[in-house]
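Counting starts at 1 for both ligands and their atoms, following the listed order.
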Amino acid sequence: MKNFPTLSEKNQSNLIHELTQYSLANGLIIYPPDFKEYQPNLAPVTLFPTPYPSKEFEKSILIATQFNSLYGSIVSEKKWLMEIIKDLSVFDSDFTGKLYSTHLEAEKQGIPQPVSLGLFRSDYMLDNISNEIKQVEFNTVSVSFGGLSTKVGQLHSFLNNYGLYTSSGAPYYKSDDLPVSDSANGLADGLHQAVTYYESKHTDAKTIVLFVIQPNERNAFDQRAVEYSLYQRYGIPSKRVTLPEATSKVKVDPTTKKLYFDGSEVSVVYYRSAYGPQEYDCQEAWDCRLVLETTLAIKCPSLVVQLSGAKKIQQLLTDSATVSRFSPDAANEDLLSTFVKIYPLDDSESGAYAKKLAFEQPHLFVLKPQREGGGNNVYKEDIPSFLKSIPEAEWAGFILMELINPSINKNLILRNGEIIDEGVISELGVFGTLLFNEETGEVLHNAAAGHLLRSKTASSNEGGVAAGFGCVDSLYIH
Ligand code: ADP
Ligand code: MG
């Protein structure tokens, strides 16, 4: 395995100059806070790819379709899932509870489209003792960075091939060792499958994909990469609308339940939003989710698919018997070996044990509520005082997860023109796409869809790229 390149000060400044202009020219960009539409920034990136063991990378790709099947099966066995979600709703009535009651209302009104699209991402860290990938979480809604991941891989390959990683001008890495993620295309392929299915079943019209986005989206170019891939490769256009806006802008045919936007029939509603309670700050937003859920359009994700990504479900799946029950194929050594211990904090025997651990050995754990999108977890020594600050009856809404200890790499982060040299720890994400029938469990399409490496300074607990803790990175496979 090669160490990171070492460059003279002059060569490093030149590298930064070339990196910056290549990235701006090719759309490796993100809006800063309080942006003007014409003023994006270079996305935070590492200067170099980060080393990753090929065996673990290959494993992560291999198990992607098995994770897809597993979550597809859970959704298709709605009864089991809904019992758990119902219990969780009590602890998180503002969000999980609202998603659940909105789903119940949708069922009551009728959900005319049983076919559902999942664009998933399974996130891993490399444990520094076993040197094996361990799952951080499985995301079922609004997974991001599929677009920018392709671009950062292309950037690092370009810098390498252009000789900017050496003083001699020769490539530093073998190009085969720098895999470029095909995730921008992979996610677009998933959407294409859903559009094609819808058009074959329901219409002669040319349909569109409706991206439901957050207001003032800073990560718009990541989304655009998927949108443009879908258009350029398949001729499928997309339109963008925010969640509260959508209600007034869409039309639903009361008989066919077909969804229209700007006069075009919508085959797929693709949420790049709608995963956090702050997004539903008005009743219109919940109403809108309900309206969209009860149309004929294929949802990515449906409320049930979104709910299957609850951290509680991840905790229950660390029991191999539960995995076997839903998907015997998934219950294999490779997939199961990615699980660390996750405990409930409820009245069960395991819950009682976990409560003891939380107070006696908090430095080994992270406490997670049923939330997505970063900034919600409680780490290590903060756990006991946090738990004491809320009634014990509410603890069951959280899971207690063993901390994964990844190695620190000496990569450099470039953010807002500044180099951060504190060492990085990295999180691998593997995308997967699944088109399936929620009622019958029939799988119409199941594929791995590229990867993502995000890195963050070793000192920060969380790694949000947009939040300013992390950056996009790529892999040097060894
Ligand atoms: P969210 O749904 O908010 O993204 P995550 O479960 O992904 O929540 O946690 C956020 C971040 O916290 C992760 O990206 C990772 O950096 C860190 N983290 C979460 N779980 C663990 C863990 N078990 N060990 C080490 N770090 C973790
Ligand atoms: Mg996460």
Side-chain angles (χ1 to χ4, degrees), residues 44 50 67 71 88 92 95-96 99 120-130 132-145 149 219 271-279 301 306-315 317-318 337-343 345 354 357-358 361-383 386 397-409 413 422-431 451-473:
T50 291
F67 267 118
Y71 276 81
L88 272 183
D92 182 26
F95 192 57
T96 309
L99 291 171
F120 299 142
R121 199 188 69 216
S122 185
D123 291 337
Y124 306 94
M125 282 174 164
L126 196 62
D127 174 62
N128 67 12
I129 294 169
S130 62
E132 288 181 338
I133 50 167
K134 299 291 173 190
Q135 189 178 48
V136 174
E137 66 159 342
F138 191 82
N139 300 283
T140 61
V141 58
S142 190
V143 303
S144 56
F145 293 110
S149 179
N219 204 14
Y271 292 97
R272 288 298 296 261
S273 61
Y275 54 83
Q278 67 288 352
E279 299 181 70
Q306 178 169 348
L307 286 164
S308 73
K311 304 239 170 9
K312 181 71 192 175
I313 302 299
Q314 187 191 358
Q315 177 244 307
L317 289 178
T318 58
S337 72
T338 66
F339 296 157
V340 296
K341 290 216 164 60
I342 310 181
Y343 301 96
L345 281 174
L357 288 176
Q361 300 181 303
H363 62 285
L364 299 177
F365 295 97
V366 48
L367 181 75
K368 300 188 181 183
Q370 311 300 319
R371 289 286 159 85
E372 294 300 322
N376 304 303
N377 299 339
V378 181
Y379 294 87
K380 304 180 193 175
E381 279 76 13
D382 293 340
I383 296 173
F386 174 82
F398 293 78
I399 58 162
L400 188 72
M401 181 176 191
E402 255 178 14
L403 280 169
I404 307 158
N405 290 303
S407 303
I408 299 176
N409 279 299
I413 295 176
E422 296 175 15
V424 303
I425 59 182
S426 303
E427 192 167 332
L428 175 69
V430 178
F431 298 95
H451 65 272
L452 160 74
L453 195 72
R454 279 172 305 165
S455 293
K456 61 181 182 179
T457 50
S459 55
S460 69
N461 281 324
E462 296 223 3
V465 177
F469 302 114
C471 72
V472 285
D473 193 350

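Taking 4.5 Å as the limit, every side-chain heavy atom of L364 sits out of range of all side-chain heavy atoms of L403. Residues T338 and E132 form no side-chain contact, since every pair of their non-hydrogen atoms from C-beta on lies 4.5 Å or further apart. Looking only at side-chain heavy atoms (C-beta outward), Q370 and F95 stay at 4.5 Å or farther from each other. Q314 has its side chain within reach of Q135: a pair of non-hydrogen atoms, C-beta onward, lies under 4.5 Å apart. Within the 4.5 Å cutoff, side-chain heavy atoms of N139 are placed close to those of D123.
Residue N377 touches ligand 1 through its side chain alone, judged by heavy-atom distances below 4.0 Å. With a 4.0 Å heavy-atom cut-off, ligand 1 is reached by the side chain of E137 but not by its N, CA, C or O. With a 4.0 Å heavy-atom cut-off, ligand 1 is reached by no atom of F138.
For the side chain to side chain contact (heavy atoms under 4.5 Å, CB included) criterion with Y124, the lone passing option out of I404, V136, V430 is V430.
Residue contact check for ligand 1: Y379 places a non-hydrogen atom closer than 4.0 Å to it. Using a 4.0 Å cutoff on heavy atoms, R371 counts as a contact of ligand 1. Residue contacts with ligand 1 leave out D123, since none of its heavy atoms falls under 4.0 Å from the ligand.
Ligand 1 places these atoms under 4.0 Å from at least one heavy atom of E402: 22 (C), 23 (N). Less than 4.0 angstrom separates some heavy atom of M401 from each of these atoms of ligand 1: 23 (N). For ligand 1, the atoms sitting less than 4.0 Å from at least one non-hydrogen atom of K311 are 1 (P), 2 (O), 6 (O), 8 (O), numbered in the order shown with element in parentheses. Below 4.0 Å from some heavy atom of V366 lie the following atoms of ligand 1, by number and element: 20 (N), 21 (C), 22 (C), 23 (N).
Of the candidates V136, I404, L364, I404 brings a heavy atom nearest to atom 22 (C) of ligand 1. The option with the heavy atom closest to atom 6 (O) of ligand 1, from among M125, Q370, K368, is K368.
For the atom pair CG (L428) and CG (L452), the distance works out to 7.5 Å, reported to the nearest 0.5 Å.
For a threshold of 3.5 Å applied to N or O pairs, the pair formed by E427 and ligand 1 contains at least one separation below that value. No N or O atom of L403 sits closer than 3.5 Å to an N or O atom of ligand 1. No N or O atom of N139 sits closer than 3.5 Å to an N or O atom of ligand 1.
Using bins of under 30°, 30° to 60° and over 60° for the plane-to-plane angle, the ring pair Y343/F365 lands in the perpendicular bin.
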* Derivation of the salt bridge (charged side-chain N to carboxylate O under 4.0 Å, His left out) call for E137 and R121 -> CA-CA 8 Å; E137 66 159 342; R121 199 188 69 216; 5.3 Å; no
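Side-chain rings of F67 and F120 stay apart, their centers remaining 6.0 Å or farther from each other.
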